J.: 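Before I ask anything, let me first share the structure, which is written out below as structure tokens.
Predicted, not measured: the structure shown is a model, and the values here were computed from it.
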Amino acid sequence: MSRAIAAGALLLLSACAQPGALPVCTAPLKPALEVSLYFGRDKPAGGQVSDAEWVSFVAESVTPRFPAGHSIVDAGGQYRDASGRIVRESSKLVVIVVFDAPAHHAKVTSIIETYVKRFGQESVLRVERPVCAGV
């Protein structure tokens, strides 16, 4: 009976964990963060970030910072721009799983700043969430 009470208490405590707190994982999985970056492809001056420009950006900015791997997904999205207008555009979603939190912050920030500057973007959406991961 005491195991059931302990398990119930653990469940209640984990439900109250702080947002962003790393989860308790079952081996072989380990606590990690999933970082999702949403890159809009429309350029403010017109046109889109081409496939060749995107491949070059990933090779120069993403891969060197996260050589262990990442996933890239073609996406479509919409957002409200600084003037309040709804904008729909094709996008790229880059998903990176990191085990070195918070050391990844500077690398992710550098990727975002490079993209914003290179392609004249207002921003790149960044989402981070705790996960259990393993390879």
Side-chain angles (χ1 to χ4, degrees):
M1 187 70 164
S2 63
R3 277 191 173 179
I5 292 171
L10 182 61
L11 182 61
L12 287 173
L13 287 173
S14 66
C16 297
Q18 293 294 324
L22 292 179
V24 175
C25 301
T26 304
L29 302 179
K30 298 185 279 187
L33 285 175
E34 182 178 288
V35 180
S36 298
L37 302 173
Y38 295 81
F39 297 89
R41 294 188 67 186
D42 288 352
K43 293 181 179 178
Q48 280 196 339
V49 175
S50 70
D51 289 341
E53 289 172 316
W54 173 257
V55 168
S56 176
F57 167 75
V58 170
E60 295 168 12
S61 298
V62 180
T63 301
R65 288 173 180 86
F66 295 100
H70 55 274
S71 296
I72 299 174
V73 179
D74 288 321
Q78 73 176 40
Y79 68 97
R80 186 179 308 273
D81 70 8
S83 69
R85 180 177 60 104
I86 298 293
V87 177
R88 291 174 183 83
E89 67 181 316
S90 62
S91 306
K92 292 285 190 179
L93 167 59
V94 175
V95 180
I96 307 162
V97 176
V98 297
F99 295 94
D100 64 346
H104 73 287
H105 285 291
K107 294 183 249 180
V108 171
T109 299
S110 180
I111 290 168
I112 291 169
E113 289 173 351
T114 299
Y115 192 81
V116 166
K117 183 177 179 182
R118 185 178 296 182
F119 301 113
Q121 300 293 303
E122 285 183 17
S123 63
V124 170
L125 176 63
R126 173 182 181 168
V127 177
E128 295 189 11
R129 65 185 187 101
V131 296
C132 292
V135 289

J.: Write down the atom of Pro23, the atom of Pro31, and the distance for their closest heavy-atom approach.
T.: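 Closest approach of Pro23 to Pro31: O-CG, 3.5 Å.
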J.: With clusters defined by side-chain heavy atoms of hydrophobic residues (ILVMFWY) lying less than 4.5 Å apart, directly or transitively, does Phe99 cluster with Val95?
T.: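 No.
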J.: Under the side-chain contact (heavy atoms from CB on, under 4.5 Å) criterion, do Gln48 and Lys43 qualify, and how do the steps go?
T.: CA-CA 5 Å; Gln48 280 196 339; Lys43 293 181 179 178; 5.8 Å; no
J.: Grouping I, L, V, M, F, W and Y whenever their side-chain heavy atoms are under 4.5 Å apart, do Val55 and Ile111 come out in a common cluster?
T.: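 No, no single cluster joins them.
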J.: Go through the steps to decide whether Val87 and Gln78 satisfy the test side-chain contact (heavy atoms from CB on, under 4.5 Å), and finish with yes or no.
T.: CA-CA 5 Å; Val87 177; Gln78 73 176 40; over 6 Å; no
J.: Side chain of Ser110, backbone of Ala106: donor and acceptor closer than 3.5 Å?
T.: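 No, Ser110 side chain to Ala106 backbone: no donor-acceptor pair under 3.5 Å.
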J.: Are Phe66 and Val131 connected, step by step, through hydrophobic side chains (Ile, Leu, Val, Met, Phe, Trp, Tyr) whose heavy atoms are closer than 4.5 Å?
T.: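 No; tracing contacts between hydrophobic side chains, which count when under 4.5 Å, never links both residues.
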J.: Please tell me whether Ile112 and Val94 are part of a single hydrophobic cluster in this structure, the criterion being side-chain heavy atoms less than 4.5 Å apart.
T.: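 Yes, same cluster.
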J.: State, to 0.1 Å, how close Leu33 and Glu128 come at their nearest heavy-atom pair, and which atoms those are.
T.: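 Minimum heavy-atom separation between Leu33 and Glu128: CD1-OE1, 3.8 Å.
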J.: With the 4.5 Å side-chain cut-off for hydrophobic clustering, are Val98 and Val58 part of the same group?
T.: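 Val98 and Val58: one cluster.
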J.: Of the non-hydrogen atoms in Ala133 and Ala32, which two are nearest, and what is the gap between them?
T.: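 Result for this residue pair: CB-CB, 4.2 Å.
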J.: State plainly whether the residues Asp100 and Lys107 are in salt-bridge range, i.e. N to O under 4.0 Å.
T.: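 A salt bridge is present here (some side-chain N lies under 4.0 Å from a carboxylate O).
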J.: First locate atom CD of Glu53, then atom CZ of Arg41, and finally report the distance between them rounded to the nearest 0.5 Å.
T.: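 Output value for this atom pair is 9.0 Å.
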J.: Look up atom CG in Asp74 and atom OG in Ser91, then write down how far apart they are to the nearest 0.5 Å.
T.: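 Separation between the atoms: 9.5 Å.
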J.: Cut-off 3.5 Å, side chains only: do Glu60 and Ser56 have a donor facing an acceptor?
T.: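 Note: Glu60 and Ser56 side chains meet the donor-acceptor criterion.
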J.: Keeping to residues at least two apart or across chains, list the side-chain hydrogen bond (donor to acceptor under 3.5 Å, both in side chains) pairs with something in residues 24-38.
T.: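 For residues 24-38: Glu34-Arg129.
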J.: Please examine the side chains of His104 and Val35, heavy atoms only from C-beta on, and report whether any two atoms are closer than 4.5 Å.
T.: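 When only atoms from C-beta onward are counted, His104 and Val35 do touch, with a gap below 4.5 Å.
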J.: Evaluate side-chain contact (heavy atoms from CB on, under 4.5 Å) for Thr63 paired with His70, printing each intermediate quantity in order.
T.: CA-CA 8 Å; Thr63 301; His70 55 274; 3.5 Å; yes
J.: Looking at side-chain heavy atoms only, is the closest gap between Leu93 and Leu37 below 4.5 Å?
T.: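 Side chain of Leu93 against side chain of Leu37, heavy atoms only: no contact under 4.5 Å found.
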J.: Using side-chain heavy atoms (C-beta onward) and a distance below 4.5 Å, is Ile72 in contact with Trp54?
T.: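 Side chain of Ile72 against side chain of Trp54, heavy atoms only: contact under 4.5 Å found.
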J.: Just checking Phe119 against Phe39, ring centres under 6.0 Å apart?
T.: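 Centroid separation for Phe119 and Phe39: 6.0 Å or greater.
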J.: Would you indicate whether the side-chain heavy atoms of Arg118 and Ser61 approach each other to under 4.5 Å?
T.: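 Contact flag for Ser61/Arg118 side chains = yes.
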J.: Show the nearest heavy-atom pair for residues Pro64 and Ala59, with the distance to one decimal.
T.: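 Closest pair (atom of Pro64, atom of Ala59, distance): CD-O, 3.2 Å.
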J.: Quick one: CD on Gln121 to OH on Tyr115, what's the gap to the nearest 0.5 Å?
T.: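 Gln121 atom CD to Tyr115 atom OH measures 5.0 Å (nearest 0.5 Å).
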